[in-house]
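For reference, the structure discussed in these notes is given below.
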Amino acid sequence: MTEIIVVTSGKGGVGKTTTSASLAVGLARLGKKVAVIDFDVGLRNLDLIMGCERRVVYDFVNVIQGECTLRQALIKDKRLDSLYILAASQTRDKDALSKEGVERILGELAEDGFDYIICDSPAGIEKGAALAMYFADRAIVVVNPEVSSVRDSDRILGLLASKTRRAERGEGAVEQHLLLTRYSPERVAGGDMMGVADVKDILGIEVLGVIPESTGVLTASNAGVPVILDADSPAGQAYADAVDRLTGKDRPMRFIDAQKKGLLARIFGS
Amino acid sequence: MGLFDFLRSRPKGSASVATERLRIIVAQERAKSGRPDYLPLLRRELLEVIRKYVNIDPEAIEINVEREGNQEVLELSVALPDKGVVEQPAAADDEP
Ligand SMILES: Nc1ncnc2c1ncn2[C@@H]1O[C@H](COP(=O)(O)OP(=O)(O)O)[C@@H](O)[C@H]1O
Ligand SMILES: [Mg+2]
């Protein structure tokens, strides 16, 4: 059985691509066969985060338009044998993706025996985002603890409940998970950032994980190595936990409590 | 955190304000979804009509579409202002 997972948010810049890359790597590391697809037509990004930008020959739109085979367009990851990337097209034609085209490619991946297909959604609620979520079995809604991101996430939850194939066919809701990213426990403790419990309460869905704000994310994207591969980085560890939870394991939440500072550190600043 | 912040009593966080605002907006937007698209316009036009007679606040109109069996019912409620604070509606002056 192939499971299609959309990583979505409404708002841009919240960490969808960072999340898609780390989830894909994390699942492949467990031996699963994984394809990760960049749906952001015109703003290709995932290839950079995955570190395979120089190996992009054909893209998603090329396959949909029959200019190459799926096999030719899938880029095999250099680190993990069971991981494949499908890059977004750089075309400016936003209509290059079609529902039929996307459906055909997802179908071919399923036939090929992929366990997971991760769809990295573009921002917004227009065509690209709509198509990225349409065929999903599960959705990971990436949200920052900040008003506009939370509000946008709620819009997305509404769309997941109505504008997906599952919803239209009455096959039961797309399974929804919340992933809080760029979380700063210190600022939550200081009362300046909404906490996990607040966001969970407002949106009313289960929390898959909390990814702390971490310098490791920038380092990772500079190097083209998904942050989950950096075992020293708190964000990498938090993503590894989230992957474990996604596959049904129980993992306690880490990185949600502020570090206790000594009196001297508090007085002289960090 | 420097010496000054440490000595200053901790400011009341802005996060609780954010949470409160979001609770309200999310509840409102969830209630709205699934309603017919013409409701906002209907509400505006009703407001104009009613204001010819009584000067009500935009928040005083509540419109809902309820499903009863396989029929949809438009529910409309308008809270009139307290007698004491009613202003003469502007339209009244135009009467002959
Ligand atoms: N946990 C994190 N800590 C620090 N920076 C982060 C974190 N997650 C994402 N970022 C940064 O936020 C920016 C947007 O991330 P990205 O994954 O591209 O978002 P999206 O795909 O939603 O637009 C990037 O610069 C990324 O490095
Ligand atoms: Mg992105």
Side-chain angles (χ1 to χ4, degrees), chain A residues 10-11 125 141 143-164 167-168 173 176 178 180 182-205 256 258-270, chain B residues 1-47 57-79:
Chain A
K11 193 169 192 291
I125 52 175
V141 180
V143 57
N144 293 165
E146 168 265 320
V147 284
S148 51
S149 173
V150 175
R151 181 196 204 168
D152 286 0
S153 300
D154 192 59
R155 292 283 306 273
I156 290 292
L157 293 176
L159 295 175
L160 286 166
S162 59
K163 298 279 166 26
T164 53
E168 285 178 6
Q176 299 165 348
L178 210 59
L180 248 84
R182 313 206 64 166
Y183 196 77
S184 170
E186 284 75 22
R187 298 187 66 187
V188 173
D192 278 332
M193 186 181 269
M194 284 181 280
V196 200
D198 289 333
V199 178
K200 182 184 174 199
D201 209 44
I202 291 163
L203 294 176
I205 62 173
I256 54 175
Q259 302 276 320
K260 298 251 181 327
K261 280 188 190 166
L263 184 62
L264 285 180
R266 284 163 75 186
I267 291 177
F268 294 107
S270 55
Chain B
M1 197 191 279
L3 180 59
F4 183 66
D5 302 77
F6 177 60
L7 294 178
R8 190 173 53 185
S9 69
R10 185 194 272 168
K12 211 161 152 232
S14 57
S16 56
V17 181
T19 308
E20 219 24 67
R21 289 172 61 209
L22 278 166
R23 282 221 170 86
I24 293 166
I25 195 121
V26 164
Q28 277 175 351
E29 285 177 359
R30 285 187 183 181
K32 255 186 237 155
S33 72
R35 291 189 194 176
D37 291 344
Y38 58 74
L39 284 189
L41 186 59
L42 175 64
R43 180 199 179 89
R44 225 173 302 147
E45 291 190 9
L46 278 171
L47 188 65
D57 201 69
E59 284 176 29
I61 299 192
E62 216 170 286
I63 302 182
N64 259 315
V65 176
E66 299 272 318
R67 187 166 278 282
E68 286 179 11
N70 44 12
Q71 251 205 325
E72 287 194 316
V73 178
L74 180 70
E75 283 181 352
L76 172 66
S77 90
V78 183

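Letters A, B, ... mirror the listed sequences (proteins, then strands); counts begin at 1.
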Q. Going from CD1 on A:Ile202 to CZ on B:Arg21, what distance comes out if it is rounded to the nearest 0.5 angstrom?
A.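 One gets 11.0 Å once the value is rounded to the nearest 0.5 Å.
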Q) About how many Å separate CZ of B:Arg30 and CG of A:Leu157, when rounded to the nearest 0.5 Å? A)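 That separation rounds to 6.5 Å.
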[X], [atom1]: over 12 other non-hydrogen atoms inside 6.0 angstrom:
X	atom1	result
B:Glu75	CD	yes
A:Glu168	CD	yes
B:Glu62	CD	no
B:Arg43	CZ	yes

Q: Please lay out, stage by stage, how B:Leu22 and A:Arg151 fare under the test side-chain contact (heavy atoms from CB on, under 4.5 Å).
A: CA-CA 7 Å; B:Leu22 278 166; A:Arg151 181 196 204 168; 4.2 Å; yes
Q) Tell me, side chain or backbone of A:Met193 under 4.5 Å from chain B's heavy atoms, or both, or neither? A)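 Backbone only.
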Q. What closest approach, in Å, do A:Asp192 and B:Ala15 show between heavy atoms, and which atom pair accounts for it?
A.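 The answer is C-CB, 3.8 Å.
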